[in-house]
Amino acid sequence: MSTQPDQSHPARAADEREVRALYQQLLSSWNERNAHAFAALFSEDGHSIGFDGSAISGQAEIESHIRQIFSDHQTGTYVGKIRDVRFLGADIALLRAVCGMIPPGQADLNPAVNTIQTVVAVRHDQTWRVELFQNTPAQFHGRPDLVRQLTDELRELLT
């Protein structure tokens, strides 16, 4: 599992850096509680599947949904680690990541809300956009050792 861009093909390495940056912008937009910036990273008819299974389609709906979350809840801060980026075609990439969340006013991750995140990114007019963002709870039912292992791995990002 590569956590660094493939440097063997310069054009592909540049694309991979851009896809990785897109994911980091997604997390940053959430952490900054900026619904408009979050939604703007999606293609016009992109899709988002939230932690609770909510399925939202289109930039406008994604922005409205995220704005509502920000107005109704104090949200935590995402800490994410990209597991890998794989290209499915010249203009389509699949990014897999793990993510933890630091609750508001706290300094450590809440293992109960660790997630596995998937982004399908598509290049539109030379710009990478999120076509699909899926945020799946990493509960590992009945396997507390896996919860602990993922949480410890994500905690390394806090230092």
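Looking at residues two or more places apart in sequence or on another chain, you find a side chain to side chain contact (heavy atoms under 4.5 Å, CB included) between H124 and S43, V122, R129, E131.
A donor-acceptor contact under 3.5 angstrom links the side chains of T115 and N135, judged on distance only. Residues S54 and D52 bring a donor and an acceptor atom of their side chains to less than 3.5 Å of each other. For D45 and S57, the side-chain atoms include no donor-acceptor pair closer than 3.5 Å.
In this structure, R33 contributes its side chain and F70 its backbone to a donor-acceptor pair below 3.5 Å. A donor-acceptor contact shorter than 3.5 Å links the side chain of Q139 to the backbone of A112. Using modelled atom types, one side-chain atom of W30 and one backbone atom of G76 make a donor-acceptor pair closer than 3.5 Å. The backbone N or O of A90 lies less than 3.5 Å from a partner atom in the side chain of R123, making a donor-acceptor pair.
Using a 30° and 60° split on the angle between ring planes, W128 and F87 fall in the perpendicular class, above 60°.
Of all heavy-atom pairs spanning L158 and A107, the tightest one is CD1-O, 4.1 Å. The nearest pair of heavy atoms linking L27 to Q117 is CD2-OE1, 3.8 Å. What you find for P103 and N110 is that their closest heavy atoms are CG-CB, 3.7 Å. Summarising the geometry of I116 relative to V98, their closest heavy-atom pair is CD1-CG1, 3.7 Å, with the distance given to 0.1 Å.
For the pair V120 and V130, the minimum side-chain heavy-atom distance is 4.5 Å or more.
Using a cut-off of 4.0 Å between Lys/Arg side-chain N and Asp/Glu carboxylate O, R148 and E153 are scored as not salt-bridged. Note on E16 versus R12: no salt bridge recorded, every NZ/NE/NH1/NH2 to OD/OE distance being 4.0 Å or above.
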